[in-house]
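Notes to accompany the following structure.
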Amino acid sequence: MYWTGSCGGCDVSFLELGAALLDVLSKVEIVFWPALVDAKRADVEALPAGAIDVALINGTLRTEENREMAELLREKSKLIVAYGACAHLGGIPGLANLSQREEILAAVFGDGFRPTPPPGGSPEDAPPELLAEALPLSAAVRVDYVVPGCPPPPGLISRAFDALLGELPPTGHVFAPEKALCEECPRTKEERRLTQVVRPHEVLPDPEKCLLDQGMICLGPVTRGGCDAACPKAGMPCTGCLGPTPNAGDQGLAMLSALASLVRAGEEGEAAFASEDKVLDAIVDPVGTFHKYALPATWRVPSPLRGGGSGRGGRP
Amino acid sequence: MVAFLCRWCAGAGADLAGTSRLQYPPNAIPIRVNCSGRVEPSWVVDALRSGADGVLIGGCHPGDCHYVVGNYKARRRVYLLRKVLEELGVEPERVRLEWVSATEGARFARVMTEFVKELRRLGPLQGNGQG
């Protein structure tokens, strides 16, 4: 298990397995896990290629060192699992891609900042360079499997361990259901018309009714299930951490499309245009709302649209 | 540029511009759709990603949609999509929604001329607002 640009939540998520974790631990040998065991990079480097059966990597790729470690673990491991939303899609740290690396460094450390070694240190003691953009794991190395989630819910962790310790699914498998989260959600859906958009702290939601029907931007319709609708059950809208369902495509744009369809301000028509726009204006930070976890996997900097594109013509 | 044109109004308007031999810039790759409300925001983004510097969505005038409310859906989607593009550093003017009826060949030609002029002013999408 390794962490790159990560909050540490993924490392802690295993504890949610409870007693079942003991069963897993009895079947594996941990060779490297900075959060848990004292093995160093040099110990991994000393291993022969393919010596590790499975490397679970969590976190966004943010620094040169993150990328080097991902490549090292790829070489030393038979299987690489992108563990958690950051490794899967880029995750919340990936929203930093809305700013240039230099802007971020200047905002945090002041103008003209360069990573330098501490006084008296050698050049290799300098902190690693930031990559130009935050990246999902698959941008650097071949990823065999994905355990999605922020952090992955216990049901999906068990599912992944059962498969990794038993029969392996085809490469590329995402250890989560293909159906949308709405299918797991116990809230009742009515005919959907959004006459207002509200943020979670602005209302006390009705305990029975669909949160989207109540004006919250819930990404349930475009997000994979697998968490048993944990957030909606607790009155919080889904923010999409399990990533898009296989046929949602661009998760954020699919939600944008669905949401725009549902907005109403009285009778539809030209007279309602201005008030409809006002409803939509209540969405603070549309990218952060719709692409909360998947920005780096969907859009790239410095030209964000160039991500998955082919060549370009250059003329209007 | 890519132009998504609804088959009932804007597409027919484009045909009329052609049969009327109106002159307008030949920069658009037209894609006929059944309704402007069928245009997914992800198609617009795919067009921009694939090299288009702008996307036009042509639909029926308010009240005239063949499917009653498709053009209203399109309008709300474009409104929101343009906000997303702006936040990502892409000029929202690159995505334009226009109402063109089947009888408005001249209007279609004018929209095309104006939009191409606007896109030339903005320049190629590469090296957009993000640098």
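This is a predicted model, so every value here is computed, not measured. Here is how names work: the chains are called A, B, and so on, in the same order as the sequence lines, proteins then strands, and each is numbered from 1.
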Output the distance between atom [atom1] ([X]) and atom [atom2] ([Y]), rounded to the nearest 0.5 Å.
{"X": "Leu80(B)", "Y": "Leu280(A)", "atom1": "CG", "atom2": "CG", "value": "5.5 Å"}
{"X": "Tyr79(B)", "Y": "Asp281(A)", "atom1": "OH", "atom2": "CG", "value": "3.0 Å"}
{"X": "Glu40(B)", "Y": "Leu253(A)", "atom1": "CD", "atom2": "CG", "value": "9.0 Å"}

With Leu88(B) as partner, the option from Thr298(A), Leu98(A), Asn97(A) fulfilling side-chain contact (heavy atoms from CB on, under 4.5 Å) is Leu98(A)
Heavy-atom pair of closest approach, residues Val84(B) and Val287(A):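 Minimum heavy-atom contact is O-CG2, 3.7 Å.
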Heavy-atom pair of closest approach, residues Ala260(A) and Arg76(B): O-NE, 2.5 Å
Taking non-hydrogen atoms and a cut-off under 4.5 angstrom, which of residues 178-185 of chain A neighbour chain B? none
Which bit of Trp99(B) comes within less than 4.5 Å of chain A, counting heavy atoms only: side chain, backbone, both or neither?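 Answer is side chain: those atoms of Trp99(B) sit under 4.5 Å from chain A.
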So for Leu81(B), is it side chain, backbone, both, or neither that comes closer than 4.5 Å to the heavy atoms of chain A? both
Take a 6.0 Å sphere around NZ of Lys278(A) and say whether it holds more than 12 heavy atoms from other residues, nucleotides or ligands. no
State which residues pass side-chain hydrogen bond (donor to acceptor under 3.5 Å, both in side chains) with Asp46(B); sequence neighbours excluded, sorted by chain then number. none
Taking only residues two or more places apart in sequence or in another chain, which ones pass side-chain hydrogen bond (donor to acceptor under 3.5 Å, both in side chains) with Ser6(A)?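 Ser6(A) satisfies side-chain hydrogen bond (donor to acceptor under 3.5 Å, both in side chains) with Asn58(A) only.
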Residue-level interface, residues 55-72 of chain B with chain A, non-hydrogen cut-off under 4.5 Å: Pro62(B), Val69(B), Tyr72(B)
Do side-chain atoms of Arg75(B) reach the backbone of Phe273(A) as a donor and acceptor pair under 3.5 angstrom?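 It does hold such a pair.
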Can you tell which of Gly288(A), Ser257(A), Ala254(A) has the highest number of heavy-atom pairs within less than 4.5 Å of chain B?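 Heavy-atom pair counts peak at Ser257(A).
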